[in-house]
Amino acid sequence: MSASANARVRSVVSATWFRVAARSLVGLGVLIAVAAQVGSGPFLRGLSSIDPRAIAAALALSATATVAAAWRWSVIAERLGVGLRLPDAIGMYYRSQFLNTVLPGGVVGDVERAVTQGRNAGSVPQAARAVIIERTVGQVVQIALAVVIVAWSGSEYEGVLLSTLGIGLMVLVLAALATAAASVRVRRVLRRELDELSAGVGSPGAFVRVVAASIVVVGCHVATLGVAAAAVGASVPPLRLAALALVVLLAGSIPLNIGGWGPREGVAGWTFAVAGLGASTGVAASALFGVLAMIGVVPGLVLAVMAAVRRTRSSAPAPDVVLAGADGKVGS
């Protein structure tokens with residue numbers, strides 16, 4: 001292959017659209033494989049189990065999670081010098097979740113709120129750091145809770161989940177160490193970002209608030225999956241349900257999905273089957289959870305439309321003002 005062809009291939013592979021398309025295709029492939037294994041029945045069962053009580057619960061739990069996540073973000077942003085009012089943070093977070101749900105990639109909403117808040121506060125890089133730190137802390141707390149709850153009440157998953165998390169963490173650490181050792185510039189960047197992380201959550205007060213908010217967020221997601229499981233007819237004790245839900249939620253955070261769909265359904269089928277509840281029940285619960293999660297961020301659609309209307313009005317040219325002078329002549 002010629003040098004120019006190699007350059008074109010590298011350009012395509014490194015393009016954002018290619019990465020998004022590749023992740024979406026993998027998620028679609030997993031979803032098709034799950035459907036081929038269990039059939040369309042569990043998906044239809046999940047969709048047909050929606051009722052007003054499940055919708056009301058999903059909206060309430062989503063609202064609670066959104067407020068907690070927005071509070072977490074506002075705490076970190078304030079410490080990084082790009083603070084925002086909690087009501088503004090809630091509105092932007094709702095809009096961000098909606099965009100993440102309906103657009104490929106799952107991060108478009110986060111990018112949008114980072115850029116918007118950065119422009120408002122006068123520093124897009126700092127606002128981006130606040131968003132990255134906020135999302136990272138949330139993922140770390142979710143993983144920590146999964147390890148603790150699974151070790152406590154999910155013994156059948158310990159061998160697979162804990163070893164997988166351990167191997168994944170070891171790979172990340174070794175990759176980071178190898179990269180840092182190979183480049184002085186990378187070491188400087190890592191040192192700077194660690195300093196920013198320390199600034200964002202370094203004080204005991206900020207750390208406690210951020211972790212507490214993250215626990216609330218994860219708890220609301222677990223409860224939503226519990227609502228979905230109950231709606232499809234699964235009866236599971238609370239602690240056992242938490243172990244099941246946390247494993248499924250970790251699968252949903254794998255960046256190889258379509259709006260969250262894909263690996264989540266596959267892992268849900270596996271976890272419920274291992275727990276003796278049946279793979280079809282797990283897939284049905286996960287499918288209903290996906291629908292309830294989308295319903296829960298519907299307020300974000302309203303906020304996105306309102307923001308678009310405001311932008312349109314602010315960018316429209318001001319109409320000419322016609323004034324009648326004292327002499328009766330008309331001017332502008």
Side-chain angles (χ1 to χ4, degrees), residues 20-51 54-55 57-58 61-62 65 97-98 100-107 139 142-143 145-146 149-150 154 156-157 160-161 164-165 168 218 220-236 240-297:
V20 171
R23 289 197 294 264
S24 299
L25 285 174
V26 172
L28 179 61
V30 173
L31 203 57
I32 291 173
V34 173
Q37 183 69 28
V38 301
S40 61
F43 292 94
L44 296 175
R45 175 184 168 192
L47 296 177
S48 64
S49 299
I50 298 176
D51 59 37
I55 292 174
L61 289 167
S62 179
Q97 290 179 116
F98 173 75
N100 283 346
T101 301
V102 301
L103 295 178
V107 296
Q139 288 295 318
Q142 180 174 316
I143 292 171
L145 286 174
I149 298 297
V150 169
E156 63 267 53
Y157 310 118
V160 175
L161 181 64
T164 300
L165 290 174
V218 175
C220 288
H221 294 328
V222 168
T224 303
L225 187 55
V227 169
V232 300
S235 178
V236 192
R240 189 137 182 89
L241 173 65
L244 289 168
L246 284 165
V247 175
V248 174
L249 291 173
L250 282 178
S253 65
I254 297 173
L256 299 171
N257 59 67
I258 307 173
W261 296 74
R264 184 185 65 210
E265 283 63 45
V267 171
W270 170 72
T271 55
F272 276 67
V274 171
L277 300 169
S280 62
T281 299
V283 174
S286 181
L288 179 55
F289 171 82
V291 175
L292 293 177
M294 294 179 68
I295 293 173
V297 299

Please list, chain by chain and in numerical order, all residues satisfying side chain to side chain contact (heavy atoms under 4.5 Å, CB included) with L25, sequence neighbours excluded. none
Using a 3.5 Å cut-off and no angle test, enumerate the donor-acceptor pairs between side-chain atoms of residues 288-295 and protein atoms at least two apart in sequence or in another chain.
none

Would you name the heavy atoms of A268 and G282 that are closest together and state the gap between them? CB-O, 3.4 Å
Show your reasoning for whether side-chain contact (heavy atoms from CB on, under 4.5 Å) applies to V34 and W261. CA-CA 11 Å; V34 173; W261 296 74; over 6 Å; no
Give the minimum heavy-atom separation between V248 and V267, together with the two atoms involved. CA-CG1, 4.4 Å
Okay, side chain of T101, backbone of Q97: is any donor-acceptor separation there less than 3.5 Å? yes
V283 side chain reached by R45 side chain, heavy atoms, under 4.5 Å: no
Please list all pairs meeting side chain to side chain donor-acceptor pair (under 3.5 Å) that have one or both residues in residues 220-231, counting only residues at least two apart or in different chains. none
Return the set of residues passing side chain to side chain contact (heavy atoms under 4.5 Å, CB included) with L241 (not counting sequence neighbours), or none when no residue passes. A229, V236
Taking every heavy atom of A234 against every heavy atom of T281, the minimum-distance pair comes out as CB-CG2, 3.8 Å
Heavy atoms only: give me the nearest A146-L246 pair and the separation to one decimal. CA-CD1, 3.9 Å
Could you tell me which residues satisfy side chain to side chain contact (heavy atoms under 4.5 Å, CB included) with S62, sequence neighbours excluded, listed by chain and number? T66, Y94, V297
Shortest non-hydrogen contact from V222 to A245? CG1-CB, 3.8 Å
Between R264 and S286, which heavy-atom pair has the shortest distance, and what is it? NE-OG, 3.2 Å
Can you confirm whether more than 12 heavy atoms, excluding those of Q139, are under 6.0 Å from its CD atom? yes
In this structure, CG of L250 is separated from OG1 of T271 (nearest 0.5 Å) by 11.0 Å
